[in-house]
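Here is the structure we will look at.
Hydrogens, waters and symmetry mates play no part in the numbers below; they use all other heavy atoms, side chains included.
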Amino acid sequence: MVVQMRSMSGNSARAGFILLIVGSLIIPIVTAGNPEAPSMNVSRDREFIAFVEEYADTFYRYHPVRGPEFGIHTYDRTGLDNMSPASLAAEDASLVAAEERLAQIPKGEISPPLRIDYDRVHSNIAYRRDELEITKTYTKNPYYYADIIQVGLLFQILFDYPGTTRDSRLITVLAQLDSIPPLMDNARLHLQAVSPELNRYGITSLEDTKSFISTDIRNYFAGSHLPDGSLADPILDQKIAVATASIDRLIRHLETLERRPGEKPSFALGESGLYKRFTLKEGLVFPENDPFTQVSADLYAELNRSQAQFKEIAAEIDPGRDPRQVWAEIEKEHPSPGELVDVTQHQVDVIRQFLSDADIISLPGDEDIRVQASPPFMISWMATAWSTGPFEGKPAPQAVYYVSDPKGILPDDEGNEFLKNFVTAEMWSTCAHEAYPGHFVQGYALKRIKENDIDTGRLSLVPVSNIFAPFSYYEGWAVYSEQMINDAGFRPGPDRLADQKYRLGQLSDKIYRLAGAYAGIQMHRGTMDVEGAREFIENNSYTTPEYAAILAERAAYEPDFILYAIGSLEFMKIRDEYKAAREAKGLPFSYREYHDKLLSLGQYPLPVIRQKMHDDVESEQVPAVLSSSEETGGDVMSENTTGTRAMATPARTVWTFAPGALFSRPPLCAWDTGIPEPYSVGPDNVPNFKGWFNNSFYRFCPGQKFYYNTFPTLNPYRPTTTKRTPAMTVT
């Protein structure tokens, strides 16, 4: 399996159409609509946008380690997050003040697009206040503190930011190292009762953090210089020693808690806690009285469907073997040490070319992502993509897709064993998740939104900021990308067996996420413990027992893991609904048009995305004639003046009508009178379009071809008559 892990984590204007039918030509003429402009107070818009900018600035002041990933470096040199009781109280007071100030901006007086941003800010304030006042994750989860250190230091070595050097970033790192001892002291103060599961993982993550600091940070900045030109190694070593000693003190404290007798607290958020997290932070919608029964049933049903697909494909490969045996053979196929980067880069390039050739999504033209071997401290993260945020300076540092090639890090025998985590057939889906069209493409889209909508003052920071970004959006998009390329027809090559293996790889990843999401919900509801979750994942997926244990543990310390599956399924529903709505109106569906439009909206909650995409279809004007083309030949009956019927072979124009197109006609020839009007194709797909030739009524389904016949000028049966062409108007 390929393991992906990180240690951190109005009314629309509608134009009128007039169709002029001249001979065999159909000419659509657009007439100006007269929409009523929405009420809008420009000064209120500016006030709200300024408020959001100040709110974001305050957030980064209290959480400086979160700025660099967004491209904000204002508070880089202030150290790590301050978790002292005084700082937490001050942050909570700032949120109360922000809530009061937001209430002074009447939502109804800002423009409609900003009202959605208003709701997101309001929910974010409520979520952060709940974290500080009620949930208090910082008192329950030791990983919270390891994550602060890892994120802060990592973003100082990931990229050479514009205007910085290694020496200048060292100054930031020295300030962060100075922040670690007080951070660890506050962690010991806050962490007085911790569940065994979170305690064990916290100790492991803190040990990893110590190694990261003492080995990787030291090696990265070795030979750097201080502003006075002196070598920085002595002071760096000193600060590393003090920082790691403080981490050791926290580890010993956690070990004491583990040995302390008495009942231990549960890691579970509880149904109400999970509901608050997913509604306030994510903007998801669940029934308030029973929030997770239906979503659990949906996840379980999708798990069963995916398992059935897996078994069917496995039977195609070898009908005489159990699906697990078939997959076990495929898992043996993986790169060797030293080959992983080249194999991954090839897969990234092939997928990118497919997306371009098949016109699935617009791809960045001025940035790309390159595969590189992970540094030693990242080896357990397996496969992760990194790119700079929308507010980073230009030129943007190179985006990197790190994969954990063990060559030079582990002995060859251990390296071969380690690379069983990189099943070649499964790596295709991981490349789609991390690079194209997943995280990298979605992150690039945020930069375009920043330029087109934020810089122009049309929107606030909300749709691009990591403060408001729902986990279910950006990880849901990445997992959706795995499924999407398969749905769009991607195949790794002409070989049928290679295709079957790829599809099993994609399904294997999907299945373990579905099983993990289902089990994660039950764990946090209190109906399943970690061991029960491990057993469920192992028995209902094709992963190893070891990885099933990792997934169960992850769902305990990181409940957002549940959202990988929920988010991806929501993206699938949004796409299917959008496609069906367009087809109901007789409009074509384009993958590229859909994906470009969706990503241009920004990182909103998925219910907001669904509504925006629905509104887009509803507001789109349906052309009366979707297409027309010239054809010749084809016999048609015509009526002559004596009432007898004869055959003619005219040229004809082919019309394809859309549902919802309404027509009225002026009086025509005498033999056309008496026809009911208007003629229409109903939006409910009722075939009720009626023609008017020869007193006949023609009934058509939406999208069906309609042949309008242009008779020859010299008709032997009607020599003095030519067919007059009516004008048709969309009403």
Side-chain angles (χ1 to χ4, degrees), residues 10-13 35 37-64 66-75 91 93-129 280-283 388-394 442-470 473-474 597-609 611-612 615-616:
N11 288 332
S12 302
S39 61
M40 183 177 72
N41 187 323
V42 174
S43 64
R44 285 296 193 192
D45 281 6
R46 292 173 180 165
E47 180 184 6
F48 174 72
I49 290 173
F51 166 78
V52 176
E53 291 174 352
E54 292 175 20
Y55 179 80
D57 181 76
T58 303
F59 174 88
Y60 294 123
R61 179 156 50 84
Y62 284 108
H63 303 278
R66 304 297 167 182
E69 64 182 286
F70 182 49
I72 300 295
H73 300 279
T74 310
Y75 300 105
E91 181 179 3
S94 76
L95 291 170
V96 174
E99 195 167 40
E100 292 172 352
R101 184 175 167 195
L102 181 63
Q104 294 170 4
I105 304 174
K107 179 180 171 182
E109 293 184 14
I110 59 178
S111 58
L114 287 176
R115 294 172 194 167
I116 298 171
D117 295 8
Y118 186 105
D119 290 338
R120 282 303 288 153
V121 176
H122 188 270
S123 293
N124 186 260
I125 293 172
Y127 168 69
R128 290 175 60 198
R129 287 194 63 187
L280 293 178
K281 186 175 79 69
E282 298 294 314
T388 53
F391 276 77
E392 194 57 70
K394 292 185 177 182
Q442 187 261 320
Y444 181 85
L446 297 182
K447 299 178 181 181
R448 301 286 73 79
I449 297 170
K450 185 259 182 186
E451 293 177 357
N452 297 333
D453 298 322
I454 312 302
D455 291 350
T456 59
R458 197 179 77 85
L459 293 177
S460 72
L461 297 177
V462 168
V464 300
S465 173
N466 56 346
I467 301 172
F468 309 99
Y473 176 93
Y474 54 82
K597 190 167 293 183
L598 186 146
L599 289 185
S600 73
L601 299 176
Q603 299 180 131
Y604 285 109
L606 294 178
V608 173
I609 297 293
Q611 188 62 52
K612 283 177 172 283
D615 291 347
D616 179 82

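- Using a 4.5 Å cut-off on side-chain heavy atoms (C-beta onward), H63 and I467 make no contact.
- Interatomic distance, CG of L599 versus CG of L601, reported as 8.5 Å (0.5 Å rounding).
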Practice problem: In sequence, state the C-alpha distance, the side-chain angles, and the governing distance for Q611 and I116, and then conclude on side-chain contact (heavy atoms from CB on, under 4.5 Å). | Solution: CA-CA 11 Å; Q611 188 62 52; I116 298 171; over 6 Å; no
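- Between the N466 side chain and the R66 main chain, a donor and an acceptor come within less than 3.5 Å of each other.
- Residue Y62 comes nearest to S94 through the heavy atom pair CE1-OG, 3.8 Å, listed as atom of the first residue, atom of the second, then distance.
- Side chains of P605 and E282 form no contact here, defined as non-hydrogen atoms less than 4.5 Å apart.
- No side-chain heavy atom of Y55 sits less than 4.5 Å from a side-chain heavy atom of L102.
- For the atom pair Q603 CD and I609 CD1, the distance stands at 9.5 Å (nearest 0.5 Å).
- Distance check, rounded to the nearest 0.5 Å: CD of E451 to OG1 of T456 gives 10.5 Å.
- In terms of heavy atoms, S460 sits closest to L114 at N-CD2, 3.6 Å.
- To the nearest 0.5 Å, the span separating CD on E53 from CD1 on I454 amounts to 9.0 Å.
- Exactly one of K447, R448, Q442 qualifies for a side chain to side chain donor-acceptor pair (under 3.5 Å) with Y444. That residue is R448.
- Of the inter-residue distances, the one linking N124 atom CG with E99 atom CD reads 11.0 Å to the nearest 0.5 angstrom.
- The shortest heavy-atom contact between R44 and I110 is O-CG2, 3.7 Å.
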Exercise. Kindly determine whether S465 and F59 satisfy side-chain contact (heavy atoms from CB on, under 4.5 Å), including the steps that lead there.
Key: CA-CA 11 Å; S465 173; F59 174 88; over 6 Å; no
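- R120 places a side-chain heavy atom less than 4.5 Å from the side chain of S123.
- For R458, the salt bridge (charged side-chain N to carboxylate O under 4.0 Å, His left out) test picks out D453, with sequence neighbours left out.
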Quiz item: Given the rule in the side-chain contact (heavy atoms from CB on, under 4.5 Å) test, do L446 and I449 qualify, once you have shown the distances and angles that lead to the verdict?
Solution: CA-CA 5 Å; L446 297 182; I449 297 170; 4.3 Å; yes
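- Here the side chains of P463 and D117 are in contact, with some heavy-atom distance below 4.5 Å.
- Classification of the F391-F70 ring pair by plane angle, with boundaries at 30° and 60°, yields tilted.
- Closest of all the heavy-atom pairs between I105 and E47 is CG1-OE2, 3.7 Å.
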Quiz item: Given V52 and Y118, is the side-chain contact (heavy atoms from CB on, under 4.5 Å) satisfied, shown in steps?
Solution: CA-CA 9 Å; V52 176; Y118 186 105; over 6 Å; no
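- Although no hydrogens or angles enter the test, the distance criterion places no donor-acceptor pair under 3.5 Å between the side chain of R128 and the main chain of L95.
- Looking at every heavy atom in both residues, G71 comes nearest to H73 through O-CD2, 3.7 Å.
- E109 approaches D45 most closely through the heavy-atom pair O-OD1, 4.5 Å.
- No side-chain heavy atom of K612 sits under 4.5 Å from any side-chain heavy atom of S600.
- The shortest distance between side-chain heavy atoms of R101 and E54 falls below 4.5 Å.
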